[in-house]
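Have a look at the structure below before the remarks.
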Amino acid sequence: MESNTLLSIILFLPILGSVLLLFINKKNENLIRYFGLAISVIVFILSLIIYSNYNNNSGEFQFLFKVSWISNLNISFFIGIDGMSMLLILLTAFITPLTLISSWSSIQKNVKEFTFFFLMLETGIIGVFISLDLFLFYIFWELMLIPMYFIIGIWGGERRIYASVKFFIYTMVGGLLMLVAIIWLAIYASDSLGYFSTNIIELYKIGPTIPQSIQLYMFLAFALSFAIKVPLFPLHTWLPDAHTEAPTAGSVILAAVLLKMGTYGLIRFNLPLFPQASIYFAPFISVLAVIGIIYGALVAMVQKDMKKLVAYSSVAHLGFVVLGIFAMNQESLQGAIIQMVNHGLSTGALFLLVGIIYERTHTREISEYGGLAKVVPFYAFALMFASLSSIGLPGLNGFVGEFLILLGSFQSSVLNSWVYTVFAASGVIFAAIYLLWMYQRVVFGKVTNPKMENLNDINKREMFVLLPVFILIIWIGIYPSTFLKVSEKTTNKVIEQVFHYQNITIK
Amino acid sequence: MNEFFNLIPFIIISVGILLSILIEMYSKNSKKIIAWFSILIFLTAAFHSLYYVDKAQLYFNNMLQVGGNTNIFIFIFNFSAALIVLMSIDYAEKYGNNIGEFYIILQISVLGMMLMAGAKDLFVIFLGLEIMSVSFYALAGLNRNKLKANEAAIKYFLLGAFATGFIVYGIALIFGSTNSTSIEHIANNFSVLSHNFLFIAGILLFLIGFSFKMAAFPFHMWVPDVYEGSSTTVAGFFSTAGKSAAFSAVIVTLGAVFMHGNINVFEPYLSVLAVASMLYGSIVAIAQNNIKRMLAYSSIAHAGYLLIGLASGNYEGIAGIIFYLTAYTFMNLGAFGVVALIEGKDETNLTFDSYSGLAKRQPILAAMLAICMFSLAGIPPFAGFFGKYYIFIAAIKADLTWLAIIGVLSSVISVYFYLKVIVIMYFDESEKEITFVKGNYGLLSVVISVLLVILIGIMPGSLIDVITSFLK
């Protein structure tokens with residue numbers, strides 16, 4: 001089968017599955033679970049087939065597929081992938097079945113609805129990563145809100161309503177301003193093209209010709225939407241709430257994939273569409289990114305709740321990614337993309353591990369724990385592994401991304417200052433402090449809480465979920481070029497696009 | 001004979017009204033028969049007008065146009081009336097106004113709307129408007145035993161009559177300055193006439209009168225009370241077909257003016273009205289505790305979005321309004337349909353807490369209402385989103401980007417109260433037991449509306465093609 005068709009299949013298979021799911025009897029929970037798993041595993045296998053056909057030596061969009069959708073506005077169902085989307089699709093398709101398995105014991109009520117929303121979410125996410133039409137992109141961008149809103153709201157913790165509504169409204173604010181910018185861009189394009197266009201490949205040539213004064217606003221409208229999603233300091237406040245209240249599976253998918261939609265958007269749209277504005281704003285956004293790195297780490301340090309700690313660590317990690325994006329050179333951008341995958345794996349694993357222990361003890365307070373190493377040794381090892389990966393220990397994945405980003409930002413001609421790198425690097429040290437300190441309080445010492453004495457260690461199902469993640473963590477740590485070479489040509493192309501227009505200012 | 005072929009919807013409804021009166025007089029089982037008979041004539045008229053949508057023709061000395069966008073409106077009026085009748089079959093029993101007259105008055109009001117949408121002359125607009133409005137006053141207070149319904153009817157009548165006064169005065173001024181009531185004539189000579197103060201004052205009065213009917217701020221005072229006081233299905237009809245009819249009349253006049261390449265001199269008035277309606281509607285809706293009042297304020301906010309299209313004054317604006325009205329009709333009908341199904345005897349179960357935990361008790365109804373709420377909030381892939389998209393395109397094309405930005409911000413505000421309904425249905429643990437009367441016909445009409453909301457949302461292209469083909 002052609003890979004172009006495969007791309008449409010992995011997009012629509014999950015939502016088709018979720019519709020079929022409606023016809024299964026609610027009581028037949030096991031069938032529902034296996035059905036959801038089967039669909040997501042098929043999607044993963046198909047994404048591997050797409051990967052095997054993907055040509056690493058080209059930076060162009062591949063597997064293009066275009067059908068006219070709303071002819072009057074020249075909107076088409078236009079999909080295709082480049083190296084960055086390839087990696088993110090693989091990540092999405094890889095994480096989804098694992099999170100579904102991880103939720104088998106923790107989600108006991110409304111299994112059918114849960115699987116329904118989860119599959120719908122997968123379609124939304126994949127759609128965001130493969131759309132090459134701004135209108136189509138926007139549809140998926142908002143579509144993904146609905147299932148995530150329900151996942152947090154129905155299966156979440158105590159303050160789930162607050163968290164879910166906050167999540168929804170934050171994303172909407174950014175999204176709708178972006179919508180105005182999208183329409184403005186399409187109308188602007190119609191002046192030079194002669195027709196209304198939301199086709200990204202056409203807009204790549206038109207975006208940079210927007211007069212500087214307007215381009216700045218356009219950049220901000222897009223960047224606001226993505227910065228909220230990333231989340232960039234100071235727009236991050238929805239994230240700790242959403243993460244803490246969401247069920248484990250929700251947190252994992254939120255951290256592993258949903259946040260990447262923001263950084264993906266920055267690379268896909270902001271840099272190439274508004275290159276002059278990107279260069280203009282790069283120092284400002286990098287400052288915010290560095291503040292995010294340090295702020296996230298400091299706040300994580302004082303958290304009493306394990307899940308909140310991991311949530312704030314996300315703010316810090318994503319700060320690295322944004323810094324990498326706006327340093328705008330080959331190393332930093334490559335680092336940003338690989339760090340997107342890394343963060344998905346290591347933070348995903350951390351959330352899974354917090355979820356595993358929470359299921360047994362029903363508490364996430366760090367002070368309630370202590371001495372887990374004696375009670376649940378395998379768990380203690382897994383937590384160590386995930387923490388080290390998140391800290392960025394050489395040999396594990398986190399190191400590769402952070403190193404490339406720091407290297408790139410140091411040499412960056414756009415930022416043109418080593419201050420960013422120095423402050424960002426201190427974030428790595430902070431990460432070691434808060435994670436290892438948390439680890440020490442949870443795992444070492446004596447068992448102080450009598451509730452913890454008879455815990456069960458990780459079972460086979462949980463091991464089955466964690467093992468693939470750990471394998472990938474080591475793989476990226478030892479041999480990152482498998483992944484780096486996928487996105488290499490793509491990042492080349494983005495950098496070329498930005499610097500091609502650097503000195504062309506249109507008044 | 002062929003010449004009158006397009007007029008068949010008008011003939012069907014007119015003859016249907018007369019036949020229904022006869023049925024009501026002579027049949028013992030009249031309520032049931034008239035209900036199904038109305039559905040039959042509404043659907044025939046709806047699909048006839050849809051089928052002959054591309055055959056535009058003028059009738060009666062160029063006073064009435066049938067075909068083109070008129071037919072899209074005729075379809076909206078008739079189809080929504082059919083859905084309303086379907087809802088009312090169950091609901092009327094519960095509410096206590098299950099009388100044949102209800103359906104007859106409904107038919108008469110639809111005839112009035114059709115005249116408004118097809119008018120090519122200000123007098124025809126006025127004729128249609130009065131036929132519709134008088135029927136509406138009667139529909140609002142149809143159950144004379146209910147105090148609230150009486151209050152609603154009186155309020156509606158007084159304010160409606162006041163608005164009509166504006167419209168008549170406006171028409172008089174227009175006639176005084178142009179010596180004609182023909183819309184074609186006005187549109188052709190607009191650039192000359194626009195320097196005439198009396199003429200502009202006339203059109204403004206005309207617009208103010210219609211702002212009442214559209215439920216735009218600050219002419220919205222009747223809306224929440226009338227929606228709350230009248231029966232739910234009737235309120236649903238007011239907010240969908242009634243609003244569409246008001247907009248159709250304004251499109252008929254202003255649309256003709258815009259299409260002749262005239263400058264939109266009413267832009268300041270229309271944009272101020274749009275901003276005020278959107279913000280007022282969205283903000284006040286947050287504070288509501290009764291779902292019908294919430295929907296009333298949401299209807300004010302939606303009038304604001306539609307006014308953006310008018311303020312833009314370009315062909316995208318007109319097309320956007322027609323599209324938006326189609327989408328809005330179905331999503332609002334779905335919402336009112338669910339409210340009508342949940343409502344108990346004597347106007348109970350209308351507050352938000354009656355909906356708590358609805359997702360567990362009535363999963364299908366909850367899902368339907370949730371889709372309508374998402375669509376009203378303008379979230380893709382539902383129809384409401386695309387309506388907004390098109391309206392915003394019109395605004396930005398007309399260099400009214402600021403209006404689009406305010407529109408966007410007010411949709412964010414409105415998301416809050418639409419989500420509140422979903423929060424209560426899905427996330428609220430406390431379950432209030434309410435007695436639920438099953439209504440299969442009501443459910444059917446809700447399902448039809450929701451399917452259309454999804455269909456129009458995913459495939460907006462064909463509808464847009466039809467609408468724009470008559471505007472270019």
Side-chain angles (χ1 to χ4, degrees), chain A residues 15 22 26 68-76 109-110 112-113 116 124 127 135-136 138-146 149-150 152-156 160-166 168-188 190 196 214 217 221, chain B residues 316 319 323 359-360 363 367 370-371 374 377-382 385-386 388-399 401-416 418-420 422-429 457-469:
Chain A
I15 203 160
L22 293 176
K26 202 182 163 113
S68 174
W69 179 25
I70 304 168
S71 54
N72 198 281
L73 294 173
N74 197 28
I75 293 169
S76 36
K109 77 171 181 184
N110 304 337
K112 182 170 162 180
E113 286 84 350
F116 172 82
F135 182 81
L136 191 66
Y138 185 79
I139 297 265
F140 286 118
W141 177 266
E142 299 272 290
L143 174 70
M144 146 258 109
L145 272 181
I146 299 174
Y149 169 69
F150 281 106
I152 300 176
I154 299 181
W155 295 274
R160 61 184 188 280
I161 294 175
Y162 171 77
S164 59
V165 173
K166 194 171 176 183
F168 202 100
I169 289 181
Y170 261 68
T171 318
M172 271 296 270
V173 175
L176 280 167
L177 286 174
M178 177 169 73
L179 180 69
V180 175
I182 290 175
I183 298 174
W184 196 94
L185 193 62
I187 291 174
Y188 180 80
S190 69
F196 194 85
I214 298 171
Y217 289 108
Chain B
E316 283 88 359
F323 185 91
K360 270 179 219 136
I371 291 177
F374 279 129
I379 295 174
F382 304 114
F385 163 72
F386 199 78
K388 273 188 188 149
Y389 184 75
Y390 214 91
I391 295 264
F392 291 153
I393 289 180
I396 294 172
K397 259 207 166 153
D399 277 332
T401 311
W402 65 275
L403 203 52
I405 292 176
I406 293 181
V408 153
L409 293 178
S410 106
S411 350
V412 174
I413 302 174
S414 67
V415 163
Y416 182 77
Y418 291 126
L419 283 190
K420 203 158 106 184
I422 296 169
V423 164
I424 288 164
M425 290 193 301
Y426 280 87
F427 306 164
D428 214 343
E429 298 272 308
I458 297 175
M459 289 289 157
S462 38
L463 182 57
I464 284 284
D465 285 344
V466 172
I467 294 170
T468 49
S469 63

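From a predicted model like this one, the values you see are computed outputs, not experimental measurements.
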* To do: Under 4.5 Å heavy-atom distance to chain A, tell me which part of B:Phe382 shows up: side chain, backbone, both or neither.
  => side chain

* So how far is it from B:Ile379 CD1 to B:Ile371 CD1, rounded to the nearest 0.5 Å? -> 12.0 Å

* Asked: Which answer fits A:Ile139, side chain, backbone, both or neither, if we ask what part of it has an atom under 4.5 Å from a heavy atom of chain B?
  -> both

* Please assess A:Tyr170 against A:Lys166 for the test side chain to side chain donor-acceptor pair (under 3.5 Å), listing each intermediate value before the final yes or no. => CA-CA 6 Å; A:Tyr170 261 68; A:Lys166 194 171 176 183; 5.1 Å; no

* To do: Could you tell me whether a side-chain N or O of A:Asn74 sits under 3.5 Å from a main-chain N or O of A:Phe196, the two making a donor and an acceptor?
  => yes

* **chain A contact via B:Ala377 - side chain, backbone, both or neither, heavy atoms under 4.5 Å** => backbone

* **Heavy-atom proximity to chain B below 4.5 Å, by part of A:Phe150** => both

* Asked: Quick check, are the ring centers of A:Tyr217 and A:Trp184 under 6.0 angstrom apart?
  -> no

* Name the option with the most non-hydrogen atom pairs under 4.5 Å to chain A; the candidates are B:Asp465, B:Ile405, B:Thr401. => B:Asp465

* In Å, rounded to the nearest 0.5 Å, how long is the span from CG of B:Leu409 to CE of A:Met172? -> 11.0 Å

* **A:Phe168 versus chain B, the contacting section by heavy-atom distance below 4.5 Å** => side chain

* In terms of heavy-atom pairs under 4.5 Å, which option from B:Ile464, B:Val423, B:Val415 contacts chain A the most? -> B:Val423

* **Interchain contact, A:Leu73 with chain B, by part (heavy-atom threshold 4.5 Å)** => side chain

* Selection from A:Ile146, A:Leu145, A:Asn110, A:Ile182 maximising heavy-atom pairs under 4.5 Å formed with chain B -> A:Ile146

* To do: Heavy-atom distances under 4.5 Å only: say whether A:Leu143 touches chain B with side chain, backbone, both or neither.
  => both

* To do: Heavy atoms only, distances under 4.5 angstrom: which of A:Trp155, A:Tyr149, A:Tyr138 has the most pairs with chain B? Name it, please.
  => A:Tyr149

* To do: Give the member of A:Ile183, A:Val165, A:Ile70 that has the highest number of heavy-atom pairs under 4.5 Å with chain B.
  => A:Ile183

* Asked: So how far is it from A:Trp141 CH2 to A:Leu179 CG, rounded to the nearest 0.5 Å?
  -> 13.0 Å

* Asked: Where does A:Ser164 contact chain B at under 4.5 Å (heavy atoms): side chain, backbone, both or neither?
  -> side chain

* To do: Look at the aromatic rings of B:Phe386 and B:Tyr389 and report parallel, tilted or perpendicular, splitting at 30° and 60°.
  => tilted

* Identify which part of B:Phe392 has an atom lying under 4.5 Å from any heavy atom of chain A, answering side chain, backbone, both or neither. => both

* Between NZ of B:Lys360 and NZ of A:Lys109, what distance do you get to the nearest 0.5 Å? -> 6.0 Å

* Asked: Nearest 0.5 Å, what's the CD1-CG distance between B:Ile467 and A:Asn72?
  -> 9.5 Å

